[in-house]
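Have a look at the structure below, then the notes.
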Number of protein chains: 2
Amino acid sequence: MSTRVDIPAEKSAVAKVTAPLIGASAHGKGGYKKGLAIFDFVLRLGAITAALAATATMGTSGQTLPFFTQFFQFEAGYDDLPTFQFFVIAMAIVSGYLVLSLPFSIVAIIRPQAIGPRLLLIILDTVALTLNTAAAAAATAIVYLAHNGNASANWLGICQQFGDFCQSVSGAVVASFIAAVMLMFLIVISALALRKH
Amino acid sequence: MSTRVDIPAEKSAVAKVTAPLIGASAHGKGGYKKGLAIFDFVLRLGAITAALAATATMGTSGQTLPFFTQFFQFEAGYDDLPTFQFFVIAMAIVSGYLVLSLPFSIVAIIRPQAIGPRLLLIILDTVALTLNTAAAAAATAIVYLAHNGNASANWLGICQQFGDFCQSVSGAVVASFIAAVMLMFLIVISALALRKH
């Protein structure tokens with residue numbers, strides 16, 4: 001038993017011509033998404049470097065002054081200020097997350113059309129960006145205070161005494177801001193890769 | 001001129017049954033995206049409220065103590081601390097952006113399948129989230145210092161003297177964190193709405 005369908009010849013010809021075009025278009029989109037995925041991977045490596053540098057610089061910062069009284073030796077370390085402790089913990093978490101996210105980034109390169117890894121990456125990247133920005137901003141507020149002090153609150157700057165400590169802490173803050181900017185670009189890349197066309 | 005195509009009857013019957021199903025499925029996806037867009041709009045209204053509350057609370061915070069010497073009156077205001085000034089400016093920018101983003105959110109409700117407004121919203125939301133988090137975290141670091149002081153840096157807490165000021169400032173920080181959490185959900189919603197299926 002069979003049904004007969006009549007198709008005009010012109011329509012059939014159109015179908016033959018457009019079919020390969022659609023195929024080529026889909027392939028071109030895949031290449032564009034693959035490029036985005038590779039850029040994502042490279043940017044992720046850069047963000048790991050910046051985040052690790054920030055963690056290490058802050059974690060090893062500390063300075064002991066070359067003079068001391070009988071009862072007290074003057075030293076400053078990141079663990080004297082709770083904000084800097086938070087900075088080290090938060091940036092360590094961000095670094096760890098970024099390293100663990102590399103396999104998902106590789107999956108996105110191999111399968112540019114897959115949505116799952118992309119969606120996971122954009123959501124976790126947003127969380128990491130928030131943590132990173134919070135650490136960087138809080139540390140910046142304290143570093144500014146350490147440099148300039150505040151006359152109204154009667155807080156004196158400590159960078160006159162602990163110049164080396166302040167310098168390494170400032171370096172760590174700059175590195176964490178670089179990591180934050182890279183994370184922002186990672187989110188934008190994921191958003192571009194998630195869209196339909 | 002015509003081409004003859006033979007279609008087995010069973011296949012034709014299957015095609016007839018599945019066609020309406022596919023149509024219903026496509027409609028369901030549109031409804032799902034429309035629901036996400038409406039949720040986006042409501043969440044955006046909540047974020048505006050929280051951000052405006054944070055801005056207003058911090059901007060009007062200030063306390064004058066009821067005693068004074070001949071030359072000096074004791075008062076504390078948000079403009080005494082640069083971090084709180086940054087907080088007010090940043091939260092005002094975030095509030096303004098959120099209000100301006102409402103039309104785009106409405107466009108996303110009317111046209112759930114449109115990609116342009118979604119992509120614009122997710123990128124600008126990311127920028128707003130970063131600004132909001134930076135303001136909240138920096139203010140938190142200073143508020144913590146105002147409450148507890150820091151023995152190592154020889155900074156004394158000022159909340160013993162300026163209790164009301166500290167309370168309104170803490171309230172503003174909490175409101176800004178609520179706005180930040182809402183912005184994070186907005187980004188996740190946009191990411192879900194951007195995906196293919």
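Note that this is a predicted model, so its numbers are computed, not measured. Here is how names work: the chains are called A, B, and so on, in the same order as the sequence lines, proteins then strands, and each is numbered from 1. Values reported hereafter were calculated over all heavy atoms of this structure, with side chains retained and with hydrogens, waters and symmetry mates removed.
- Nearest heavy-atom pair, A:A138 versus B:A137, reported as atom, atom and distance to 0.1 Å: CB-O, 3.6 Å.
- Contacts with chain A were tallied for B:L119, B:V188, B:T83; B:L119 has the most, counting heavy-atom pairs under 4.5 Å.
- Note on B:A136, B:S190, B:P82: by heavy-atom pairs under 4.5 Å with chain A, the leading option is B:P82.
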#### Entry: Intermediate values then yes/no, side-chain contact (heavy atoms from CB on, under 4.5 Å), B:W155 and A:N150
CA-CA 10 Å; B:W155 294 331; A:N150 186 285; over 6 Å; no

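- Heavy atoms only, all atoms of each residue included: A:A191 and B:L194 are closest at O-CD1, 3.8 Å.
- For B:F86, no part lies under 4.5 angstrom from a heavy atom of chain A.
- The shortest distance between side-chain heavy atoms of B:I122 and A:I122 falls below 4.5 Å.
- Between chain B and the residues A:I158, A:L129, A:L145, the most heavy-atom pairs under 4.5 angstrom are made by A:L145.
- Residues B:L120 and B:L100 do not share a hydrophobic cluster, defined by chaining ILVMFWY side chains whose heavy atoms lie under 4.5 Å apart.
- B:L192 CG to A:I123 CD1: the interatomic distance, rounded to the nearest 0.5 Å, is 5.5 Å.
- Side-chain atoms of A:D80 do not come within 3.5 Å of backbone N or O of B:A153 as any donor-acceptor pair.
- Taking both residues in full, the closest heavy atoms of A:M184 and B:T130 are given as SD-OG1, 3.7 Å, listed atom of the first, atom of the second, then distance.
- Looking at A:N154, its side chain never comes within 3.5 Å of a backbone N or O of B:L156 through a donor-acceptor pair.
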